[in-house]
Amino acid sequence: APDNVSIDPTKILVADGNLPGVAFSSSIGTSTPGTLTITTTDVQATAPRASDEDNIYVVAYCPDAEMAIVSAPARRTDGATLSIRYPSSWSGLEVHVYGFVMGGLEKTMGKASRSEYIGHAELG
């Protein structure tokens, strides 16, 4: 029924492709007000089709605000902790976080990995 639409946030894809992805910690840092932090645990830098020039991104989606914010990129080889600054209007709301890789070489520009659902967090 139209009034009962339900979306499973773990099934949302924000990117879809065949580049090698990265592994993320399922822990989403919320200790710094206004900032989410997410850490990679394996960047798969030696995987076929992976490049040192590839960029890792994370996306925070807040259903109640009907908004998503994309992080600044981090290089695959940096083994990164990525941060997302979110607006104060998100305080007290739930966010869902996804991660993916975008190609950084001329031959892989515009190509992506399949996004991974990292988890959710309640914002303080």
Side-chain angles (χ1 to χ4, degrees):
D3 294 339
N4 296 326
V5 174
S6 177
I7 296 173
D8 181 351
T10 67
K11 305 293 185 201
I12 295 172
L13 287 177
V14 295
D16 192 19
N18 63 4
L19 286 181
V22 299
F24 296 92
S25 168
S26 61
S27 174
I28 300 167
T30 59
S31 60
T32 303
T35 303
L36 295 171
T37 56
I38 300 89
T39 304
T40 58
T41 59
D42 180 3
V43 295
Q44 301 183 39
T46 59
R49 296 183 325 278
S51 164
D52 294 350
E53 302 299 315
D54 292 344
N55 290 306
I56 304 166
Y57 293 88
V58 291
V59 177
Y61 167 58
C62 182
D64 290 334
E66 299 178 349
M67 289 179 61
I69 299 174
V70 180
S71 71
R75 291 292 170 128
R76 180 187 291 273
T77 55
D78 290 342
T81 296
L82 294 103
S83 297
I84 296 178
R85 301 255 325 133
Y86 61 86
S88 59
S89 61
W90 287 19
S91 294
L93 302 177
E94 180 180 48
V95 295
H96 297 275
V97 181
Y98 307 83
F100 64 96
V101 174
M102 290 295 294
L105 297 175
E106 185 174 331
K107 67 182 180 181
T108 58
M109 286 289 181
K111 297 185 189 284
S113 69
R114 184 175 179 94
S115 62
E116 175 183 334
Y117 180 75
I118 298 169
H120 70 281
E122 297 289 331
L123 302 178

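Side-chain atoms are counted along with the backbone in the values below, which use heavy atoms only and exclude waters and symmetry mates.
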Taking [X] for its side chain and [Y] for its backbone only, find out whether a donor-acceptor pair lies under 3.5 Å.
{"X": "Thr40", "Y": "Ala80", "result": "yes"}
{"X": "Arg76", "Y": "Gly103", "result": "no"}
{"X": "Thr39", "Y": "Ser25", "result": "no"}
{"X": "Ser113", "Y": "Val101", "result": "yes"}

Minimum-distance pair of heavy atoms, taken over all atoms of [X] and [Y]:
{"X": "Ile7", "Y": "Pro9", "answer": "O-CD, 3.1 Å"}
{"X": "Gln44", "Y": "Pro20", "answer": "OE1-CB, 4.4 Å"}
{"X": "Ala60", "Y": "Leu36", "answer": "CB-CD1, 3.7 Å"}
{"X": "Trp90", "Y": "Ala65", "answer": "NE1-CB, 3.3 Å"}
{"X": "Met102", "Y": "Leu19", "answer": "C-CD1, 4.1 Å"}
{"X": "Arg75", "Y": "Ile56", "answer": "O-CD1, 4.0 Å"}

What residues form a side chain to side chain contact (heavy atoms under 4.5 Å, CB included) with [X], not counting sequence neighbours?
{"X": "Ser83", "answer": "Thr35, Thr37"}
{"X": "Ala72", "answer": "none"}
{"X": "Ser51", "answer": "Glu53, Asp54, Leu105"}

Determine whether [X] and [Y] fall in the same hydrophobic cluster, where Ile, Leu, Val, Met, Phe, Trp and Tyr are linked whenever their side-chain heavy atoms lie under 4.5 Å apart.
{"X": "Ile38", "Y": "Val70", "result": "no"}
{"X": "Val59", "Y": "Ile12", "result": "yes"}
{"X": "Phe100", "Y": "Ile28", "result": "no"}
{"X": "Leu82", "Y": "Val14", "result": "no"}
{"X": "Tyr98", "Y": "Val58", "result": "no"}

Value rounded to 0.5 Å, distance of OG1 in Thr10 from CD1 in Ile118: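 Rounded to the nearest 0.5 Å, the OG1-CD1 separation comes to 13.5 Å.
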Rounded distance (nearest 0.5 Å) linking atom CD1 of Ile69 with atom OH of Tyr61: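 Going from CD1 on Ile69 over to OH on Tyr61, the span is 13.0 Å.
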Any side-chain heavy-atom pair of Tyr86 and Val95 under 4.5 Å: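 Side-chain contact under 4.5 Å: no.
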Contact check, side chains of Ser115 and Leu13, non-hydrogen atoms, under 4.5 Å: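 They are in contact (side-chain heavy atoms under 4.5 Å apart), so the answer is yes.
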Verdict with supporting geometry, Leu123 and Thr30, side-chain contact (heavy atoms from CB on, under 4.5 Å): CA-CA 7 Å; Leu123 302 178; Thr30 59; 4.3 Å; yes
Parallel, tilted or perpendicular, as decided by the 30° and 60° cut-offs, for the rings of Tyr117 and His96: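 Ring orientation of His96 relative to Tyr117: tilted.
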